[in-house]
*Asks:* 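Sharing a structure, written as structure tokens. Questions coming.
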Amino acid sequence: MSKALETAQKPTDQVAVLMVINARQQEEISHLKRQLEWFRRHLFGQKSERRNPDLYSLQLAFSDLGGEGNTPPPAPDTQTVAAHSRNKPAKPTPPAEDGLFFDESKLPVETITLPCKEAEGLDPAQYEIVSEKVSHRLAQRPASYVILKYVRPVIKLKGNPNSGLRSGPPPRASWITAVPM
């Protein structure tokens, strides 16, 4: 704005530029005042400085802690309890080689194969499936959960040595996905 003020030739142009500068500064000042009031309410309000003055009257001074003439407090009464035995906690099962923390044979698993966009419309002789990428997601149905197993084939196009490996897009990254029945 100072450059606009310097380039203004007429006094009326200079006044207009100064009015614009003043209006912007007034907006910024009012914004900063609102922020300052918010900080005062939240940091220095009554709730942030609550304390119990009676609590400090119960606290001992350092001079009361040690010294001559102080006797240790009497030992509390003891009670003998009959011995008992506990079950050993079950050891958690280590994760499988593929890193899963659940047993696929005990949980419902739905397998969903995601297509590779580059392979759509191609003859299967024009590409080869090199491997698969597998990911698991927890999905929720009414009153139950299910594991969704996404399988994405990794392909290599034949006839094009610079094509590289390609696979379908990864599934949505959410912890729990709602799945219709």
Side-chain angles (χ1 to χ4, degrees), residues 27-28 30-59 73 75-181:
E27 288 177 14
E28 186 176 358
S30 65
H31 176 70
L32 292 174
K33 281 183 178 180
R34 282 193 301 268
Q35 279 186 342
L36 182 62
E37 286 302 317
W38 185 89
F39 280 119
R40 283 183 181 155
R41 281 193 313 270
H42 286 82
L43 297 178
F44 305 113
Q46 293 177 351
K47 290 182 180 180
S48 67
E49 296 179 0
R50 283 187 186 162
R51 62 185 187 93
N52 188 356
D54 297 333
L55 186 65
Y56 296 110
S57 64
L58 300 175
Q59 186 175 6
D77 294 336
T78 58
Q79 178 182 2
T80 306
V81 179
H84 63 279
S85 61
R86 292 184 179 167
N87 294 335
K88 277 188 160 181
K91 292 182 181 178
T93 57
E97 304 86 41
D98 55 359
L100 294 179
F101 288 96
F102 62 92
D103 187 7
E104 287 191 48
S105 64
K106 295 181 181 178
L107 293 173
V109 177
E110 284 186 17
T111 303
I112 302 170
T113 303
L114 299 174
C116 182
K117 290 182 181 177
E118 286 82 7
E120 288 180 5
L122 294 178
D123 185 34
Q126 293 177 326
Y127 64 89
E128 67 176 292
I129 296 177
V130 178
S131 67
E132 292 179 336
K133 292 182 180 179
V134 178
S135 58
H136 296 84
R137 299 284 188 263
L138 178 64
Q140 184 177 13
R141 287 200 172 135
S144 68
Y145 287 94
V146 66
I147 304 295
L148 298 179
K149 178 180 177 180
Y150 291 97
V151 178
R152 299 182 293 148
V154 177
I155 65 165
K156 181 173 186 338
L157 298 175
K158 292 181 180 178
N160 188 356
N162 296 330
S163 68
L165 300 177
R166 303 184 186 261
S167 67
R172 216 172 71 204
S174 66
W175 277 72
I176 298 178
T177 307
V179 175
M181 299 270 315

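We number each residue from 1, following the sequence as shown.
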*Asks:* Partners of E120 by side chain to side chain donor-acceptor pair (under 3.5 Å), sequence neighbours excluded?
*Replies:*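 E120 satisfies side chain to side chain donor-acceptor pair (under 3.5 Å) with no other residue.
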*Asks:* Output all residues satisfying side chain to side chain donor-acceptor pair (under 3.5 Å) with E27, sequence neighbours left out; order by chain, then residue number.
*Replies:*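 If we apply the side chain to side chain donor-acceptor pair (under 3.5 Å) test to E27, skipping adjacent residues, there are no hits.
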*Asks:* Which residues pass the side-chain contact (heavy atoms from CB on, under 4.5 Å) test with L36, sequence neighbours left out?
*Replies:*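 Partners of L36 by the side-chain contact (heavy atoms from CB on, under 4.5 Å) criterion, ordered by chain and then number, come out as R40.
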*Asks:* What residues form a salt bridge (charged side-chain N to carboxylate O under 4.0 Å, His left out) with E132, not counting sequence neighbours?
*Replies:*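 Applying salt bridge (charged side-chain N to carboxylate O under 4.0 Å, His left out) to E132 gives none.
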*Asks:* How close do V109 and V146 get, heavy atom to heavy atom, and via which atoms?
*Replies:*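 Answer, listing the atom of V109 first, then V146: N-CG2, 4.4 Å.
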*Asks:* Check whether any side-chain heavy atom of L138 sits under 4.5 Å from a side-chain heavy atom of I147, and report yes or no.
*Replies:*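 L138 reaches I147 side chain to side chain.
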*Asks:* Could you pull out all residues at least two apart from L114 that satisfy side-chain contact (heavy atoms from CB on, under 4.5 Å)?
*Replies:*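 In terms of side-chain contact (heavy atoms from CB on, under 4.5 Å), with neighbours along the sequence ignored, L114 is linked to I112, Y150, R152, P171.
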*Asks:* With sequence neighbours left out, write down each residue that passes side-chain contact (heavy atoms from CB on, under 4.5 Å) with S30, or none if nothing qualifies.
*Replies:*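 S30: side-chain contact (heavy atoms from CB on, under 4.5 Å) contacts with R34.
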*Asks:* Just verifying a value: how many Å separate L32 CG and E37 CD, rounded to the nearest 0.5 Å?
*Replies:*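 With rounding to 0.5 Å, CG (L32) is 12.0 Å from CD (E37).
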*Asks:* Roughly how far apart are I155 CD1 and Q126 CD, rounded to 0.5 Å?
*Replies:*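 One finds 10.5 Å between CD1 of I155 and CD of Q126.
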*Asks:* Of all heavy-atom pairs between P108 and Y145, which one has the smallest distance, and what is that distance?
*Replies:*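 Closest pair (atom of P108, atom of Y145, distance): CG-O, 3.6 Å.
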*Asks:* Output the distance between atom SG (C116) and atom CG (L157), rounded to the nearest 0.5 Å.
*Replies:*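 These two atoms lie 7.5 Å from each other.
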*Asks:* Take a 6.0 Å sphere around CD of E28 and say whether it holds more than 12 heavy atoms from other residues, nucleotides or ligands.
*Replies:*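 Check fails, neighbour count at 12 or below.
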